[in-house]
Amino acid sequence: MTTKVPSIYVALRDVSIQVMSTLSTFHLFPALPIEIRLKIWYLLLSVSRTVICTRKDIITNADPRGIKVWDTNTPFPPLLYVNRESRYEALAVYTPYFWNPSNPRPIYLSLSRDVVRFSDHLLPYIPAPLREIKHMVMDTKDCVYFGYYHMRTLKSMMRLRELEIYVDNGQDYEMNDGDRSINILVSEFESTMEFDPGWECPNVGIVDAQTGKELRFIEGGAKLPGWIDER
């Protein structure tokens, strides 16, 4: 269920974003009542981000061959660094993921607000907590086998509501085979929904990676809400 933000909050958010984009310092901000400051932090934190996740090799003394760790070039949420008050509010929204002793730089995500983007070959390796993502963008060069390799993982992501798949048909297929490969991808989703009508399939947009044009759209939801597979 979508929560409607009151119009006064929207106006306050727009003003605060405009102020922050035009001023390097707002000297009167600390003098504002704490209720107003917290509302401003809240509204700024309500703006979603697109976080692009990758994996890279880290060389350590313990493993000179390198180990795979998650990484991103997306900047950290700025409110983590404004002051103690903003950081406290930001940490109520963002959670650090992928931290370990070999990779001390976590990736801060709000799984209910942020759009998380990565290549489809990384999908089998995402940790269990990230199965709570609500909006995901994936890049694929092989939409013919996308469903074969990834449909089971997608079905396990129970909170996923929006999925965008950017396909790059020009890399591996002749352009006259593009429609065929897209049809195969669509049929994978449709057949899975038929076989498991209780599955809450996300809304799926299939997008041409070269042009940004939406090629197909699959409306999400369960065909038979509440249906349980007893086979």
Side-chain angles (χ1 to χ4, degrees), residues 49-60 62-63 65-74 94-173 181-196 198-209 215-216 218 220-222 229 231:
R49 306 152 62 233
T50 297
V51 183
I52 302 174
C53 296
T54 59
R55 289 181 64 176
K56 66 178 182 180
D57 289 314
I58 291 291
I59 307 299
T60 65
D63 194 342
R65 296 172 300 178
I67 59 174
K68 291 285 188 181
V69 297
W70 289 84
D71 191 25
T72 183
N73 290 326
T74 305
Y94 295 106
T95 301
Y97 293 95
F98 305 117
W99 181 92
N100 60 56
S102 300
N103 185 37
R105 183 178 184 269
I107 299 176
Y108 285 89
L109 295 171
S110 172
L111 299 185
S112 63
R113 304 182 187 187
D114 289 341
V115 180
V116 183
R117 182 169 186 166
F118 49 84
S119 297
D120 65 332
H121 71 276
L122 297 178
L123 185 58
Y125 304 103
I126 65 171
L130 261 69
R131 302 283 172 97
E132 303 295 308
I133 294 172
K134 288 190 174 182
H135 190 164
M136 183 167 66
V137 177
M138 303 190 68
D139 298 285
T140 184
K141 295 182 179 180
D142 193 352
C143 53
V144 171
Y145 288 100
F146 180 93
Y148 177 81
Y149 287 113
H150 303 309
M151 196 61 69
R152 179 173 296 183
T153 303
L154 291 177
K155 288 185 65 178
S156 72
M157 302 177 73
M158 306 298 292
R159 295 185 180 274
L160 185 62
R161 293 295 176 263
E162 302 290 336
L163 173 63
E164 296 171 67
I165 304 174
Y166 281 72
V167 299
D168 193 351
N169 286 326
Q171 294 292 325
D172 298 323
Y173 307 103
S181 60
I182 296 300
N183 289 338
I184 291 174
L185 177 56
V186 172
S187 67
E188 287 282 356
F189 279 93
E190 292 177 341
S191 61
T192 302
M193 294 169 72
E194 291 289 341
F195 185 78
D196 184 0
W199 175 41
E200 289 281 349
C201 178
N203 292 319
V204 182
I206 302 174
V207 182
D208 187 317
L215 303 174
R216 301 290 177 82
I218 304 170
D229 187 357
R231 288 168 292 186

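Across every non-hydrogen atom of Glu200 and Ala222, the tightest pair is OE1-N, 3.6 Å. Scanning both residues, Ile182 and Arg216, for their nearest heavy atoms gives CG2-CG, 3.6 Å. Summarising the geometry of Tyr94 relative to Ser110, their closest heavy-atom pair is CD2-N, 3.6 Å, with the distance given to 0.1 Å. Of all non-hydrogen atoms in Pro124 and His150, the two that sit nearest each other are CD-CE1, 4.0 Å. Across all non-hydrogen atoms, the minimal contact from Leu122 to Cys53 is CD1-O, 4.0 Å. Residues Met136 and Met138 come closest through the heavy atom pair CE-SD, 3.8 Å.
Using a 4.5 Å cut-off on side-chain heavy atoms (C-beta onward), Leu215 and Val167 make contact. Taking the side chain as every heavy atom from C-beta outward, Met151 and Glu188 approach each other to under 4.5 Å. Between Leu185 and Ile206, some side-chain heavy-atom pair lies under the 4.5 Å cut-off. At least one side-chain heavy atom of Ile165 sits under 4.5 Å from a side-chain heavy atom of Phe189. Taking 4.5 Å as the limit, every side-chain heavy atom of Thr95 sits out of range of all side-chain heavy atoms of Leu109. With contacts defined as side-chain heavy-atom distances shorter than 4.5 Å, the pair Tyr108/Asp114 does not qualify. Met157 places a side-chain heavy atom less than 4.5 Å from the side chain of Ile133. Inter-residue side-chain proximity for Glu194 and Trp199 is flagged as unmet; no heavy-atom pair is nearer than 4.5 Å.
Distance alone, capped at 3.5 Å, places no donor-acceptor pair between the Ser119 side chain and the His121 backbone. Looking at Asn203, its side chain does come within 3.5 Å of a backbone N or O of Gly220 through a donor-acceptor pair. At least one donor-acceptor pair closer than 3.5 Å links the side chain of Arg105 to the backbone N or O of Thr72.
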Review point. Which is it for Asp196 and Lys155 under the side chain to side chain contact (heavy atoms under 4.5 Å, CB included) test, yes or no, and what are the steps along the way?
Key: CA-CA 10 Å; Asp196 184 0; Lys155 288 185 65 178; 2.9 Å; yes
Exercise for review: Test side chain to side chain contact (heavy atoms under 4.5 Å, CB included) on Thr74 and Thr50 and set out the steps.
Suggested key: CA-CA 8 Å; Thr74 305; Thr50 297; over 6 Å; no
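Expressed to the nearest 0.5 Å, how far CG of Leu130 lies from CZ of Arg159 amounts to 13.0 Å. Atoms CZ and OG1, on Phe118 and Thr54 in that order, are 11.5 Å from each other to the nearest 0.5 Å. Note: Glu132 CD to Leu160 CG = 10.5 Å, rounded to the nearest 0.5 Å. One finds the OG1 atom of Thr153 at 5.0 Å from the CG atom of Leu123 (value rounded to the nearest 0.5 Å).
Residues forming a ring pair (Phe, Tyr, Trp, His ring centres under 6.0 Å) with Tyr97 (at least two apart in sequence, or on another chain): none.
Under a 4.0 Å N-O distance rule, the pair Asp71/Arg55 does not qualify as a salt bridge. A salt bridge is defined here as a Lys NZ or Arg NE, NH1 or NH2 lying under 4.0 Å from an Asp or Glu carboxylate O, and Lys141 with Asp168 fails to meet this definition.
For Arg117 and Tyr166, the positive end sits near the middle of the six-membered ring, less than 6.0 Å away and at most 45° from its axis.
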